[in-house]
Amino acid sequence: MNTEWLQSFVEAAKQKSLSKAAKSNNISQPALSKHIRNLENELGVVLFHRTSTGIELTEAGQHFRTRILPVIDELASIRQELRQFSRTAPIAIGSLPSLASYYLPSRIKELRSLDQPTTLMIQNTSDELVQSLEDSSEE
């Protein structure tokens, strides 16, 4: 089940309009309709009644919305946790001396803006560099 399909479904149920939901999700209305159609095909149920004034959830759609909202919230929470994890994970950069003076100064500036722990390693050979980087990842 595609999370974009789920987001399209939830927004369409909230807006009671495919065009308003598409605008809110910053996608075209045909793309949103395709998301809904794909979701309905995967689940084997009709989620919305299409009317001349908009859309309404079917009984199956109401049940699905009730069940999927906590799942979507949990996915958002997991994404947030993982973003925090990636911000605190140390970054190790290795280089050979021939590249270090040219390449690293601008990269070091960028890394400081990330506010993450950083290790810089410069070794004379590729083998030494790889070994140093492997050793630092084991710590």
Side-chain angles (χ1 to χ4, degrees):
M1 205 173 302
N2 186 311
T3 56
E4 290 179 0
W5 300 352
L6 297 175
Q7 195 59 43
S8 293
F9 165 77
V10 169
E11 193 61 31
K14 178 181 168 187
Q15 299 287 341
K16 297 183 180 181
S17 165
L18 294 177
S19 58
K20 288 178 184 176
K23 186 175 181 180
S24 180
N25 282 355
N26 293 318
I27 61 174
S28 69
Q29 190 271 326
L32 186 124
S33 293
K34 187 175 182 181
H35 289 176
I36 301 295
R37 197 168 42 255
N38 289 340
L39 191 56
E40 288 176 328
N41 288 338
E42 184 170 317
L43 296 172
V45 295
V46 175
L47 297 170
F48 292 102
H49 291 296
R50 278 89 173 160
T51 68
S52 59
T53 58
I55 56 173
E56 294 179 10
L57 286 170
T58 62
E59 186 178 343
Q62 290 173 354
H63 180 74
F64 182 66
R65 181 174 176 253
T66 301
R67 294 294 310 258
I68 206 65
L69 284 174
V71 174
I72 291 171
D73 290 343
E74 184 65 19
L75 285 171
S77 176
I78 291 168
R79 280 189 188 106
Q80 185 62 31
E81 288 172 16
L82 291 176
R83 282 188 195 113
Q84 276 303 115
F85 177 77
S86 70
R87 287 186 194 125
T88 59
I91 298 173
I93 297 177
S95 179
L96 299 172
S98 58
L99 295 172
S101 62
Y102 172 75
Y103 183 75
L104 290 179
S106 62
R107 299 302 178 261
I108 291 171
K109 216 179 223 185
E110 290 173 20
L111 286 171
R112 285 188 183 147
S113 69
L114 293 177
D115 195 31
Q116 282 184 266
T118 307
T119 304
L120 177 61
M121 296 175 202
I122 299 174
Q123 297 291 346
N124 290 323
T125 67
S126 296
D127 290 335
E128 291 173 346
L129 183 58
V130 168
Q131 186 61 49
S132 294
L133 290 169
E134 285 176 350
D135 291 346
S136 74
S137 70
E138 293 172 4
E139 294 174 357

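All values reported here derive from a predicted model rather than from experimental measurement.
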Taking all non-hydrogen atoms of both residues, which atom of [X] and which atom of [Y] are closest, and how far apart?
X    : Y    : value
S126 : L96  : N-CD2, 3.7 Å
I122 : A100 : CD1-CB, 3.8 Å
Q7   : N25  : O-ND2, 3.7 Å
A12  : L32  : CB-CD2, 4.4 Å

Spacing of [atom1] belonging to [X] relative to [atom2] belonging to [Y], to within rounding of 0.5 Å:
X    : Y    : atom1 : atom2 : result
W5   : N41  : CH2   : CG    : 8.5 Å
N124 : L129 : CG    : CG    : 10.0 Å
I78  : D73  : CD1   : CG    : 11.0 Å
I72  : S77  : CD1   : OG    : 13.5 Å
S8   : N2   : OG    : CG    : 8.5 Å
Q131 : Q123 : CD    : CD    : 10.0 Å

So do [Y] and [X] actually touch side chain to side chain, heavy atoms under 4.5 Å?
X   : Y   : answer
L47 : Q62 : no
L39 : H35 : no
T51 : I55 : no
L6  : F64 : yes

Quick check on the hydrophobic clustering: are [X] and [Y] connected, directly or via other members, by side-chain heavy-atom contacts under 4.5 Å?
X   : Y   : answer
I93 : L99 : no
L43 : V46 : no
I27 : M1  : yes

Open item on the list: Under 4.0 Å between a side-chain nitrogen and a carboxylate oxygen: does that hold for K34 and E40?
Closed with: no

TODO: Output all residues satisfying side chain to side chain contact (heavy atoms under 4.5 Å, CB included) with L69, sequence neighbours left out; order by chain, then residue number.
DONE: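 If we apply the side chain to side chain contact (heavy atoms under 4.5 Å, CB included) test to L69, skipping adjacent residues, the hits are V10, R65.
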
- [ ] For Q29 and S19, test the side chains for any donor-to-acceptor distance below 3.5 angstrom and give the result as yes or no.
- [x] no

Open item on the list: T58 vs F48, test: side chain to side chain contact (heavy atoms under 4.5 Å, CB included). Steps then yes/no.
Closed with: CA-CA 5 Å; T58 62; F48 292 102; 5.5 Å; no

- [ ] Check whether any side-chain N or O of S132 sits under 3.5 Å from a backbone N or O of E128 as a donor-acceptor pair, and report yes or no.
- [x] yes

